[in-house]
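Both counts, for ligands and for their atoms, begin at 1 and track the order of listing. Heavy-atom basis, side chains included; hydrogens, waters and symmetry copies ignored. Since we're looking at a predicted model, the values are computed, not measured.
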Amino acid sequence: MTSHLKKVELHCHLEGAAPPALTLAQARKYNVDTSAFMRDGIYLWKDFTEFLVCYDKVSEVYRTEEDYALLTETYLEELAEIGSIYSELIVSPDHGDRIGLGADAYMAGVSAGIRAAQEKSGIVARLLVTGERHFGPERVIKAAEYAARSDNPLITGFNMAGEERMGRVADYARAFDIAREAGLGLTIHAGEVCGAFSVADAVELVRPSRIGHGVRAIEDADLVRRLADLGTVLEVCPGSNVALNVFPDFAAHPLRQLRDAGVRVTINSDDPPFFHTSLKREYELASTSFGFSDDEINAMTRTAVEAAFVDEVTRASLLARL
Ligand code: ADE
Ligand code: ZN
């Protein structure tokens, strides 16, 4: 049982954490027909492409600052209830723009949700602004510029999510240069849908301190050694990887091999209800499916705090809470 362990999450997409019951209530509020993307409380998709479409459909029922505050507070409270002390949420100003809310109001709602959750339960959270790769390099650069000029102290990192098969990392490197120059922490989805080459591209061209997933680095032993040498932290999401068929089952998942090779790994849920998972379940899987001891799991949680995009005072206080 891992329910007594303190938990930290570095990789969860805000709209991807939307509880189906809340999405249904939102849809009713706005008279949106949900039959194309959810049924019986389950989000409907069959493969990665359909997942991204479903994700966007779900996002469309969150329309106001208050909707985003509620969504954020709801997820953070769920995390706090299972013993989580810190969360980094991946947020997409493009999604705010696409529903006509605008990036500033979107961020204001999310930030209000963070403050409300912290007041209630003490959970600390920060935001990773993400560009969506399938919206194209221009939009990703715009997202980086938005993050770079924002004076919101909760925005501490920049990410790129979305369709990994669209373009090469080089097409998006400029966005990461902008974010790096602004002093933001860098992480990038790579080695999930695409193979080791995508992780190698990310390491060379973005030089991130963390990589979202990165698990298909396992296809290249030299690259695994390089990740270990560089100390690059992988935000591993086993339940997501199995749900999306990146690996057929947990026995085939390389979390333990990567850890044993000296790669710094952390445990995350990605888009929990879409993948029928939760951070609680991911920690449980680390124990039951991967055979890690409590001490080994705690070491991953400590790695997550060490790699978190926070100021050093906050990091010290989080480490003291572990
Ligand atoms: N956006 C939300 N979840 C994602 C994932 N697992 N990979 C890429 N983009 C995403
Ligand atoms: Zn992700």
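- Counting non-hydrogen atoms of neighbouring residues, nucleotides and ligands closer than 6.0 angstrom, the CZ atom of Arg321 exceeds 12 such neighbours.
- Legend: residues meeting side-chain hydrogen bond (donor to acceptor under 3.5 Å, both in side chains) with Arg315, ordered by chain and number and at least two apart, are Glu312.
- With ring centers used as reference points, Phe275 lies under 6.0 Å from Phe51.
- In the hydrophobic clustering of ILVMFWY residues, with side-chain heavy atoms under 4.5 Å counting as a link, Val169 and Val215 come out together.
- Every protein residue with a heavy atom nearer than 4.0 Å to ligand 1 is included here: His13, Phe48, Phe51, Tyr55, Ala161, Gly162, His189, Glu192, His213, Asp270, Asp271.
- Taking distances strictly below 2.8 Å, the protein N/O/S atoms close to the Zn ion (ligand 2) are His11 NE2, His13 NE2, His189 NE2, Asp270 OD1.
- Here the closest non-hydrogen pair linking Gly195 and Glu219 is CA-OE1, 3.5 Å.
- Salt bridge Arg226/Glu204: present, at least one basic N to carboxylate O contact under 4.0 Å.
- Within the 6.0 Å centre-distance limit, the rings of His95 and Tyr55 are counted as a close aromatic pair.
- Comment: Arg98 does not engage Glu60 in a salt bridge, judged by the lack of any side-chain N to carboxylate O separation of less than 4.0 angstrom.
- For residues 149-201, the ring-ring contact (aromatic ring centres under 6.0 Å, His included) pairs, not counting sequence neighbours, are His11-His189, His13-His189, Phe158-Phe176, His189-His213.
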